[in-house]
Amino acid sequence: MEVKKKDIRALTKEQLRAFFVDHGDKAFRGNQVYEWLWQKGAHSFEDMTNISLETRKMLQDNYVINHIRVDQMQRSEDGTIKNAVRLHDDLIVESVLIPTASRTTACVSSQVGCSLDCKFCATARLKRMRNLNPDEIYDQVVAIDNESRLYHNRPLSNIVFMGMGEPLMNYNNVLKAIDKITSDEGLGMSPKRIVVSTSGIPKMIRKMADDEVKFKLAVSLHSAIDEVRTTIMPFNATFPLQDLREALQYWYAKTKNRITYEYVVWEGINDTRKDVDALVEFCKFAPSKVNLIEYNPIDDGMFQQANAKAIDMYVSVLEANHITVTVRRSRGKDIDAACGQLANKS
Ligand code: SAH
């Protein structure tokens, strides 16, 4: 029976050094190979030209390099790029490059599909197939960085975990990927330029606070009233708003990092004064700001973007209560690359 070879990028630098010592070589060889894997992005052992043929063969016999492949790249008329990324087991995830005048943001996936069941999100219709490995998350970022340099003449500046999946349900791998992204041996990006977006899993928000993570936190709130939130995000029945609120207070107390609430206003669902007032109350528990995001239809009659009057009401009531609010227009809608539209259509 053929033994399934392990992905060499699952090894830490120390483990790689130890592997070479175990095989009668120098620990330093581990550093060289590590550099090929992470800084130079080698896709095969043959690329490692300063490593002897014999050593390359030995690596080949023991390991594989499970690199992602960008299967299809779509470019929107607004400059947004969407990658369909093929994983080593032929599953597909999507990632997006969002350019603005001052920054280029990568929106990356953390899981294949999603186990949550938000009624307005296209990804929720794909059942969760598996978690992404740290290197699969890292590779998405590298691919977008390359595209940013190629098509926009500048490196990637920001990363948001707002692609497919719930990052806090794949917490360890997301953390490892961020470690690599922020490390000098990876991309050397500042954690302040990374946002992890969660549907709000209280236990994991507390864990992040305990781990003293340095990246920013966004929470997909969409309603501050339990009955409403449970209708559109059914897992809210398990993690009600009070638990979420307490976890967020804990987060702020530990990290002093203000929280961003992502919020879509839908007609007939959360567009009344009562809904705004509940949001204002929720925002008082920890320093926060609100991003009102545009709804991207996913062929479901249940949801319709609220009219401009309702959005204006949200903005004026929030501002009157000294809560920072921004109204965000969606990008890349023509290629199904906007929030909530990632569903491997192609
Ligand atoms: N699971 C994480 C990461 C996904 S982020 C989370 O829930 O935060 C994607 C963001 O887009 C979330 O804020 C989500 O609530 C929002 N979203 C989902 N479907 C959408 C849609 N159809 N239109 C606009 N935003 C949507």
Side-chain angles (χ1 to χ4, degrees), residues 80 82 93-96 98 105-128 131-132 137 140 158-171 173-174 177-178 194-202 204-205 208 215-224 228-236 239 244 247-248 251 259-267 269-270 279 288-306 311 326-333 335-345:
T80 301
K82 180 168 86 171
V93 291
E94 294 178 330
S95 23
V96 184
I98 308 149
T105 302
C107 173
V108 298
S109 294
S110 55
Q111 299 182 310
V112 188
C114 189
S115 57
L116 299 181
D117 48 4
C118 304
K119 298 296 178 205
F120 45 82
C121 180
T123 307
R125 296 180 178 177
L126 309 169
K127 69 172 196 315
R128 191 196 78 97
N131 285 338
L132 294 190
I137 298 171
Q140 291 177 67
N158 296 70
I159 302 172
V160 294
F161 281 79
M162 297 188 187
M164 294 170 146
E166 169 50 54
L168 298 195
M169 301 276 238
N170 185 18
Y171 180 69
N173 289 352
V174 165
I178 292 178
I194 300 177
V195 179
V196 169
S197 175
T198 175
S199 52
I201 298 160
M204 298 312 295
I205 293 172
M208 283 200 311
F215 48 80
K216 294 186 178 163
L217 174 63
V219 175
S220 302
L221 192 60
H222 302 308
S223 173
V228 178
R229 196 165 191 261
T230 300
T231 313
I232 56 178
M233 303 171 82
F235 68 87
N236 185 71
F239 312 116
L244 177 59
L248 292 170
W251 159 269
I259 303 144
T260 299
Y261 296 124
E262 296 157 275
Y263 201 105
V264 179
V265 188
W266 289 286
E267 197 176 299
I269 292 180
N270 57 356
L279 175 60
S288 50
K289 66 168 185 169
V290 175
N291 258 345
L292 292 178
I293 52 187
E294 200 181 355
Y295 176 56
N296 302 303
I298 57 158
D299 315 319
D300 187 319
M302 181 173 165
F303 294 97
Q304 221 183 326
Q305 163 86 37
I311 307 287
T326 53
V327 181
R328 227 171 51 191
R329 290 241 19 239
S330 269
R331 308 283 307 272
K333 273 209 249 190
I335 55 168
D336 284 323
C339 290
Q341 289 189 318
L342 301 184
N344 292 346
K345 248 196 200 172

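Keep in mind that this is a model prediction, so the values were computed, not measured. Positions are given from 1 along the sequence. FYI, side chains are in, hydrogens and waters are out, and symmetry mates aren't considered; it's all heavy atoms of this structure. Ligands are counted one by one from 1 in listed order, and the atoms in each one are counted from 1 as well.
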Whether His222 lies under 4.0 Å from ligand 1, heavy atom: yes

Under 4.0 Å to a heavy atom of Thr198 - the qualifying atoms of ligand 1, by number: 6 (C), 7 (O), 8 (O)

Closest protein heavy atom to atom 12 (C) of ligand 1, given as residue, atom name and distance to 0.1 Å: Ser220 OG, 3.1 Å

Side chains of Tyr295 and Gln304 in contact at under 4.5 Å (non-hydrogen atoms): no

Under 3.5 Å: N/O of Glu262 near N/O of ligand 1: yes

Approximate separation, where rounding is to 0.5 Å, of Leu221 CG and Ile259 CD1: 10.5 Å

From the candidates Lys119, Met162, Glu294, the one that places a heavy atom nearest atom 24 (C) of ligand 1: Glu294

Spacing of Met208 atom CE and Trp251 atom CH2 [to the nearest 0.5 Å]: 4.5 Å

Test item, Gly165 contacting ligand 1 (heavy atom, 4.0 angstrom): yes

Distance, nearest 0.5 Å, that separates CE of Met233 from CG of Leu116: 8.0 Å

Between Glu94 and Ser109, a side-chain donor and acceptor under 3.5 Å: no

Polar atom proximity, Phe120 to ligand 1 (N or O, under 3.5 Å): yes

Val219 contact mode with ligand 1 (heavy-atom cut-off under 4.0 Å): neither

Exercise: identify the closest heavy-atom pair between Ala124 and Cys118: CB-O, 3.4 Å

Shortest protein heavy-atom distance from atom 19 (N) of ligand 1, along with the residue and atom involved: Gly340 CA, 3.1 Å

Nearest-neighbour protein heavy atom for atom 23 (N) of ligand 1, which is reported as residue plus atom name and distance: Asn296 N, 3.0 Å

Donor + acceptor pair across side chains of Asn158, Thr105 (<3.5 Å): no

Closest protein heavy atom (residue, atom, distance) for atom 11 (O) of ligand 1: Cys339 CB, 3.4 Å

From CG (Leu168) to CZ (Phe161), nearest 0.5 Å: 10.5 Å

Pro167, any N or O under 3.5 Å of ligand 1 N or O: no

Atom indices of ligand 1 within 4.0 angstrom of Ser199 heavy atoms, with elements: 6 (C), 7 (O), 8 (O)

Nearest-neighbour protein heavy atom for atom 2 (C) of ligand 1, which is reported as residue plus atom name and distance: Ser197 O, 3.3 Å

Pair Tyr261 + His222: ring centers closer than 6.0 Å: no

Distance-only side-chain donor-acceptor flag, Gln111 / Asn170, under 3.5 Å: no

Ligand-residue contact atoms, ligand 1 with Cys121, heavy atoms, under 4.0 Å: 18 (C), 19 (N)

Close approach, Pro297 and ligand 1, non-hydrogen under 4.0 angstrom: no

Contact atoms of ligand 1, heavy-atom distance to Gly163 under 4.0 Å: 4 (C)

Glu166 versus Thr198, side-chain donor and acceptor atoms under 3.5 Å: yes

